[in-house]
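Note on naming: letters A, B, ... go to the chains in the order of the sequence lines (proteins, then strands), and numbering restarts at 1 for each one. What you see below is based on every heavy atom in this structure, not just the backbone, and it leaves out hydrogens, waters and symmetry mates.
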Amino acid sequence: MDWADELAASVVGPQVVNDSKTPSGTVHVGSLRGPVILDVIARALRARGTATTLLYGIDDLDPMDAQALLTPDAVEHEMGRPLAHVPDQAGDCHASYARHHAQTFIDTFAGLGIRPDRYYWMSELYAAGEVDPYIRIALDRAEAVRAIYQRVAKVQHPSDWHPIQVVCESCGRIGTTIVTRWDGQRIYYECRPDFVSWARGCGHAGWVEPFGGRAKLGWNLEWAAQWSIFGVTIEPCGKDLATAGGSRDRADAIAHEIFEREPPLNVPYEFLNIGGRKMSTSKGLGVAAHEIARVVPPEQLRLLFLRPRPQTAIEFDPIGSDAIPRLFDEFDRLADATAGRPVRGELPAGHESVFRYSLLDPAADVAAIAAAFRPAFGHLALLRQIPGVDIDARLEAEKGAPLTALELATVRERTAAADAWLETFAPDRSRIVVRRDALPDEAAGLDAGQRAWLGRLATAAAATPPPASGDAWQALIFSTATEVGLAPGQAFAALYLAFLGRPNGPRAGWLLASLEPAFVLERLRIAAGPPTLEESA
RNA sequence: GGGCCGGUAGCUCAACGGCAGAGCAACUGACUCUUAAUCAGUUGGUUGGGGGUUCGAAUCCCCCCCGGCUCACCA
């Protein structure tokens, strides 16, 4: 963990780490990288003994601008209104649309072990008058703000433009209003029908005092105001904001020149790409957060996000690949290294930190967790497909001791993840499918010895009593193979080819025991082919 | 058009001025109650291209090519 520990080592004095988000809709997996980075920075600081406060803001006074997320009859009325004032579309007891969606990501964060010291709501900050001093400064210095937009972002606002928007007293919209005058106490605004394309203002105009939540700073100024209000010293942001002339540059300039304060240390971070493309559920390319969460438990998801340096784009392509099993394997390897077990291959720099920061609980007993037994994900996925396997017993045998409560919980978590993986992302080669319709073409390559043995097995299995259990089948496989002088490896390969169309597979005895005896016998005979001259003689 | 990131073995990546490496995959071998397991081994490279700096460059500088994201209206 070079990057977070290095960052923590580079700052002096108490730190306030902050981020904020507009609660406009669902959270996709890629958008969780920021919160994980935020949390890891805070943990790295605390690990060095640096007094650290972790804050997370909810920009719930931002206007509603995504009509796809509204019920059809609500679009006309709600678009452009502050999210905090839009009713909860889900109707599940949240006070507002903003509360509903904010709760979703607060829960998601908590599930990832991210627990800010405080969540603050901008609607409450405005209502409490905390932003009022900055509103006054911004209005007094509107001309300087316009100059910053011109210089930094090359955006030329009209000479009467002011960096603030009013909640229209008539229609309640905030996204449609423009302020053109400031007399030192009140502002003059218009709610324009054609100000933005996504919402229609009501045409109201008038003078209003911009304090106490009746108006809201423009986004770049609000960002800078948050830094001043909370004394923020470190704030990561995604590369969409960190671009030259982008929001972060503007907010930095505003902090410097308007609010006269040093902006926080920036930690720009790249996004998560799926197969080289940005995650986007609307384009059908990405994978929704809850879909990934079914397959990748929180600690592995943290690892995925925190292992690379923030500025490096993460290529994660779980669909039809072994990316997810590999992620588990990497986690287990780090655990092994942390526990002092021998590990193959190279370890990343600061691997102890990587593992520690991957854990959900910052106060966890790292040594105990690292030492715990974990089934390899790929192995578990295989076991789940073999009929009649007692997973717990099998894993206990592998461990050589009873599983602890922690280990059992891990097994449960991974079992669920493996099932979900097999159901969704797993490549075909990881799936076991009994080819019931016909003898697989791949079985054409069986040699005479294998065919003869398959016939022998069919004959033996047809005797009474037929094998009923995996053990019985297993014994029969070995005894008949020995009788005809066929190497067990050849025998098993023949069975797999005949039933699965591949040269390997899961425990054959148990596989056969799980199928109907009549089908098994028929397939064995077909695979054996017509009797040879010797046999019929 | 501006910005950022990346291009290293089939795949995913490490090394960040000092002998180009690992995992997985592939291949070979071992293991006579399992075989997608385990163990041992092998193969695999003009580090996207071209210049430059240096005793020495995957690494630093310049130019180009390719891929991607992002911004350029608002938040």
Side-chain angles (χ1 to χ4, degrees), chain A residues 2 20-22 24 30 59 61-66 80 83 153-155 157 165 174-176 195-199 216-223 238-251 268-280 307-317 321-323 325-327 329-330 333 343-349 351 375-376 378-383 385-386 394 398 429-432 470-471 473-479 481-482 485-493 495-496 500 502-511:
Chain A
D2 298 334
S20 65
K21 182 173 171 58
T22 304
S24 55
D59 299 329
L61 215 54
D62 290 1
M64 180 77 208
D65 65 356
L83 291 165
K154 303 193 167 41
V155 172
H157 285 296
Q165 287 190 291
I174 191 169
T176 52
F195 185 57
V196 291
S197 60
W198 39 271
K216 172 187 174 307
L217 285 171
W219 191 56
N220 302 303
L221 292 98
E222 183 173 290
W223 200 358
K239 63 100 142 285
D240 53 336
L241 306 179
T243 193
S247 290
R248 182 60 182 239
D249 275 359
R250 303 177 209 179
Y269 56 86
E270 267 278 357
F271 293 153
L272 173 74
N273 295 327
I274 298 290
R277 298 197 164 270
K278 188 200 169 176
M279 299 217 43
S280 168
R307 180 180 46 182
R309 282 185 286 270
Q311 304 95 317
T312 305
I314 300 176
E315 297 290 341
F316 188 64
D317 194 359
S321 78
D322 59 351
R326 271 211 311 261
L327 184 57
D329 290 346
E330 179 67 3
R333 224 167 61 90
V343 170
R344 306 173 63 159
E346 295 171 1
L347 291 164
H351 65 267
H379 183 46
L380 194 54
L382 174 65
L383 290 178
Q385 297 180 85
I386 305 172
R394 172 84 180 230
E398 286 178 21
R429 66 173 179 277
S430 297
R431 294 199 180 94
I432 290 159
D471 279 324
W473 272 108
Q474 201 74 6
L476 196 60
I477 290 167
F478 275 95
S479 64
T482 305
L486 186 66
Q490 289 294 300
F492 282 106
L495 275 182
Y496 295 132
L500 306 176
R502 48 194 295 167
N504 48 36
R507 299 156 56 85
W510 285 263
L511 176 67

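The line from CE of A:Met64 to CD1 of A:Ile174 is 14.5 Å long, rounded to the nearest 0.5 Å. Between the OG1 atom of A:Thr22 and the CG atom of A:Asp59 there is a distance of 4.5 Å, given to the nearest 0.5 Å. Separating the CH2 atom in A:Trp219 from the CH2 atom in A:Trp223 is a distance of 5.0 Å, to the nearest 0.5 Å.
Nearest nucleotide to the A:Asp240 side chain, out of B:U70, B:A75, B:G2: B:U70. With B:G23, B:C69, B:U35 as the choices, the nucleotide that has an atom nearest any side-chain atom of A:Lys239 turns out to be B:C69. In the set B:C71, B:C33, B:C5, B:C5 carries the atom at the smallest distance from any side-chain atom of A:Gln311. Distances from the side chain of A:Ala244 to the nucleotides B:G2, B:A75, B:U32 place B:G2 closest.
Between A:Ala491 and A:Ala481 the shortest heavy-atom distance is CB-CB, 4.1 Å. The two residues A:Leu476 and A:Ser479 have their closest heavy-atom pair at O-OG, 3.1 Å.
Here A:Arg309 lies in heavy-atom contact (under 4.0 Å) with a base. Residue contacts for A:Glu270: at a heavy-atom cut-off of 4.0 Å it reaches a base atom on one of the strands shown. A:Ser197 comes within contact range of no nucleotide atom at all, as no heavy-atom separation falls under 4.0 Å.
Partners of A:Thr243 under the side chain to side chain donor-acceptor pair (under 3.5 Å) rule, at least two apart in sequence or in another chain, do not exist in this structure.
If you measure from atom CZ of A:Arg250 to atom P of B:A72, you get 6 Å, rounded to the nearest angstrom. In this structure, CG of A:Leu327 is placed 16 Å from C1' of B:C11, rounded to the nearest angstrom. For the pair A:Arg307 CZ and B:A15 P, the interatomic distance rounds to 12 Å; values are reported in whole Å. Between the CD atom of A:Glu222 and the C1' atom of B:C74 there is a distance of 13 Å, rounded to whole Å. Atom CD of A:Glu330 is separated from atom C1' of B:G23 by 8 Å (rounded to the nearest Å). The nearest whole Å value for the distance from the NZ atom in A:Lys154 to the P atom in B:C73 is 12 Å. For the pair A:Leu83 CG and B:C74 P, the computed distance is 18 Å after rounding to whole Å. Here B:C74 presents its C1' atom at 14 Å from CG of A:Asp59, a figure rounded to the nearest Å.
B:C4 and B:G10 have their P atoms separated by 31 Å, with the value rounded to a whole Å. As rounded to the nearest Å, B:G29 and B:U59 have P atoms that lie 41 Å from one another. Atom name P, nucleotides B:C16 and B:G21: the rounded distance is 14 Å, in whole Å.
Two residues, A:Gly246 and A:His157, neighbour RNA chain B, and the one matched to the more 5' nucleotide by heavy-atom proximity is A:Gly246. Residue whose closest nucleotide on RNA chain B sits further toward the 5' end, between A:Ala242 and A:Pro308: A:Ala242.
Remark: the A:Thr243 side chain and the B:G2 base include a donor-acceptor N/O pair separated by less than 3.5 Å.
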Read 5' to 3' with Watson-Crick or G-U pairs under 3.5 Å, [ ] for crossing pairs and | for partners on another strand, RNA chain B gives (((((((..((((....[..)))).(((((.......))))).....(((((..]....))))))))))))....
